[in-house]
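To start, the structure itself, in structure tokens.
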Amino acid sequence: MPLITYREALRTALDEEILRDENVVVIGEEVAQYNGAYKVTEGLWATHGDRRLVDTPISESAFVGMGIGASMLGLRPVIELMFWSFAYVAFDQIVNNAGCVRYMSGGLINVPIVIRGPANGGTNVGATHSHTPENLLANMPGLKVVVPATAYDAKGLLKTSIRDNDPVMFMENTLLYGEKWEVPDSEYLIPLGLADVKRTGDHVSLIAHGRAVLTCLKAAELLEAEHDISVEVVDLRSIRPLDEEAILNSVRKTHRAVVVEENKPFCGVGAQITSLIQEKAFDDLDAPIARVSAIDAPAIYSPPIEKRQLPDPQRVIEKVLNLA
Amino acid sequence: METLLQSPGQARPTINDKLTKEDKIRLLRDMYRIRRFEQTSLKYYNLGRMGGFLHLYSGQEAVAVGTVSLLGPDDHLITAYRDHGHAIAVGMTMPECMAELFGKATGCSKGKGGSMHLFAPDKRYWGGHGIVGGQTPLGAGIAYALKYKRIPGCCLCYLGDGAINQGVFHESLNLASLFSLPVVYIIEDNGYSMGTSLKRSSAYKTCLAERAEAYNMAWDVFLGEDLYEVRERTNVAIERARKECQPTLLEIQTYRYYGHSVADANAKKYRTAEEIEEYKNNHDPLQLFGKRLLEEEVLTEAQIGEIDRASKEEANAAVKFAEESPFPKEGDITADVYWEVDNQTEAGKQGTYFFNT
């Protein structure tokens with residue numbers, strides 16, 4: 001299988017879906033002639049032209065809203081946000097229009113839009129550019145939230161998200177854009193709401209999404225090698241819908257859970273997962289559930305210290321070793 | 001403002017020449033139907049039969065009825081929360097709208113939207129939006145989709161004068177002009193953004209629509225009390241959208257008789273009773289159009305009285321329908337959230353969508 005980057009995987013997904021469905025149109029800042037601020041859309045404008053790749057002014061509220069309006073008439077806009085942090089100026093459009101129009105119309109309307117872009121810290125760009133809003137948006141019934149950790153997942157999940165008939169918030173990671181994974185040339189789709197056990201193990205379950213999955217995989221290797229602890233890593237892949245069964249099955253097997261995320265702890269995704277486990281698998285637990293999150297403050301700029309703000313393998317290992 | 005009663009304005013050929021007698025009667029009837037629908041809804045709101053807000057359109061009827069009457073099968077519209085008039089003008093029925101206000105399962109949105117959120121996509125009416133200015137990029141998006149699909153239609157996107165200071169409206173004007181979108185933005189300028197008058201809320205030189213100049217967009221401003229005038233001036237913008245694929249910003253100056261909403265505690269404090277009476281006596285769109293049709297000998301006074309009575313009866317029948325209709329069931333709360341779940345697709349069955357404990 002060819003090794004391709006997370007970025008190339010996303011681009012291939014967009015390319016294939018543009019070719020497959022005439023209603024797919026990619027809209028955003030610098031997506032066309034500039035080839036994408038993070039080069040995800042590189043070459044697509046040259047191939048598909050102005051109709052399918054649309055450069056916008058810096059005007060998130062308007063172009064997100066425009067995409068939502070167009071989707072109500074059956075287009076399938078893929079809106080690129082240069083950073084998910086910029087979604088906050090378009091919050092009304094995302095929450096009230098994409099998220100609530102179907103409900104308030106009693107199901108008469110649907111909004112088949114994808115809003116995608118990077119949502120991560122760790123790149124020394126300060127608090128305004130480092131938000132991870134998966135927990136905020138998953139809190140809004142009507143929206144779906146997807147956070148792929150690998151190139152393989154990014155491609156399969158993006159294609160599925162474009163074909164989905166509900167609004168999908170698709171959160172990538174600039175630190176992963178250049179990382180490579182094996183991705184088949186042949187077409188495949190990955191359903192939303194289906195977690196993936198990225199590593200099997202018997203003693204403890206690490207439950208994570210996005211880049212935190214990779215942190216967990218590194219921690220798992222070290223725990224196995226240095227402490228003889230067999231670690232299972234469950235990658236949620238999609239936050240809403242959520243694969244509750246995969247989480248519960250893993251915890252029922254290992255009897256210990258550590259929930260890991262790059263999100264902040266308060267009302268984070270990990271809080272929801274923790275609540276789920278205690279409610280539905282309490283009797284299976286041999287230890288309290290532990291959580292590892294970003295340190296609870298706005299993202300710090302200082303490069304070496306920001307590395308410490310996000311979960312790293314060492315913090316995960318410490319939590320696992322401290323489990324009763 | 002000067003009343004248009006003294007200015008017949010029918011010398012030159014206009015879009016209104018095409019109206020048949022039946023068309024004219026229907027236009028007047030629709031204005032009466034809106035007026036009576038709302039007066040009846042107000043009565044039952046005050047009796048505690050409905051919740052939330054009720055933003056009444058009374059006084060503005062010629063705008064919705066006049067503009068909607070120009071639309072063809074490829075044209076669409078979207079508005080804000082003062083949406084009853086547009087709903088009835090596009091042909092939504094009184095029972096489905098009244099039942100929605102009553103929060104009943106038979107309402108157009110199954111009791112899930114309420115007064116501010118009436119929708120009829122089958123009639124190309126995309127709501128009914130509660131956040132001031134929030135619908136303005138959606139209007140651009142509908143126009144975008146029409147252009148993308150190479151459909152020679154347009155989208156009318158209504159907003160109030162209070163919405164023109166929202167950033168997203170300016171962003172939408174910029175996109176509409178930049179992308180040459182077939183959208184007609186219609187500011188229904190009733191003089192007040194809730195309890196704050198135009199002069200206290202908006203900086204402008206001569207009018208609000210003039211702001212379009214900054215976006216290199218065509219604009220027009222006119223009174224909204226005369227239905228013929230509304231049709232004629234709006235038609236120019238609609239034709240510009242359909243034929244040239246260019247946007248327009250219209251400001252239609254009008255007036256509302258009631259407060260911002262029925263829950264507006266200061267409704268009688270920020271303007272005088274005389275001001276309201278003056279509009280009712282000299283600028284009421286129903287009275288003016290009725291007078292025109294009398295002059296044109298399209299209708300008699302008795303026939304107009306009959307239209308009014310029938311509208312009132314229709315509204316009362318709608319109340320009866322609403323009162324006799326069931327409320328949604330608790331189990332309905334989580335329906336109509338996700339298309340994939342509602343349609344029980346494979347995607348809709350994969351994973352957990354709702355997290356009730």
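Just so it is clear: chains get the letters A, B, ... in the order the sequence lines come, proteins before strands, and each one is counted from 1.
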Within a 6.0 Å radius of atom [atom1] on [X], are there more than 12 heavy atoms belonging to other residues, nucleotides or ligands?
X: A/I58; atom1: CD1; value: no
X: B/N216; atom1: CG; value: no
X: A/Y88; atom1: OH; value: yes
X: B/Q344; atom1: CD; value: no

Rounded to the nearest 0.5 Å, how far apart are [atom1] of [X] and [atom2] of [Y]?
X: A/L75; Y: B/L146; atom1: CG; atom2: CG; answer: 9.0 Å
X: B/L181; Y: A/M66; atom1: CG; atom2: CE; answer: 6.5 Å
X: B/L138; Y: A/S71; atom1: CG; atom2: OG; answer: 8.5 Å
X: B/Y338; Y: A/R240; atom1: OH; atom2: CZ; answer: 3.5 Å
X: A/I68; Y: B/Q135; atom1: CD1; atom2: CD; answer: 13.0 Å
X: B/E100; Y: A/M104; atom1: CD; atom2: CE; answer: 10.5 Å

Given heavy-atom pairs under 4.5 angstrom as the criterion, report whether the side chain, backbone, both or neither of [X] touches chain A.
X: B/H129; answer: side chain
X: B/C155; answer: neither
X: B/A176; answer: neither
X: B/T357; answer: both
X: B/I142; answer: both
X: B/N174; answer: side chain

(request) May I ask you to test the A/N110-B/E340 pair for a side-chain heavy-atom distance under 4.5 Å? (result) no
(request) For the residue pair A/Y103 and B/I333, establish whether any side-chain heavy-atom pair is separated by less than 4.5 Å. (result) yes
Smallest separation among heavy atoms of [X] and [Y], with atom names:
X: A/A62; Y: B/S172; value: CB-N, 4.0 Å
X: A/S59; Y: B/E171; value: OG-OE1, 2.7 Å
X: B/Q350; Y: A/G193; value: NE2-O, 3.4 Å
X: B/S109; Y: A/S105; value: OG-CA, 3.5 Å
X: B/P121; Y: A/L108; value: CG-CB, 3.7 Å

(request) Verify, without hydrogens or angle tests, whether B/K149 (side chain) and A/L73 (backbone) share a donor-acceptor contact under 3.5 angstrom. (result) yes
Between [options], which has the largest tally of heavy atom pairs under 4.5 Å with chain A?
options: B/Y144, B/W339, B/F119, B/F169; value: B/W339
options: B/G134, B/A140, B/G127; value: B/G134
options: B/F354, B/Y148, B/Y353; value: B/Y148
options: B/P137, B/G130, B/G351; value: B/P137
options: B/V337, B/N343, B/T334, B/L118; value: B/V337

Hey, which of [options] has the most heavy atom pairs under 4.5 Å with chain B?
options: A/P191, A/G142, A/A138; result: A/G142
options: A/V64, A/T160, A/L192; result: A/L192
options: A/M72, A/R51, A/Q93; result: A/R51
options: A/N97, A/N96, A/V111, A/D243; result: A/N97

Can you say whether [X] sits under 4.5 Å from chain B via the side chain, the backbone, both, or neither, judging by heavy atoms?
X: A/L189; result: neither
X: A/V89; result: neither
X: A/E60; result: backbone
X: A/D50; result: neither

(request) Check whether the side chains of B/T352 and A/E244 place a donor and an acceptor atom closer than 3.5 Å, and report yes or no. (result) yes
(request) Check A/L276, A/N139, A/L242 against B/F355 for a side chain to side chain contact (heavy atoms under 4.5 Å, CB included) and give me the one that passes. (result) A/L242
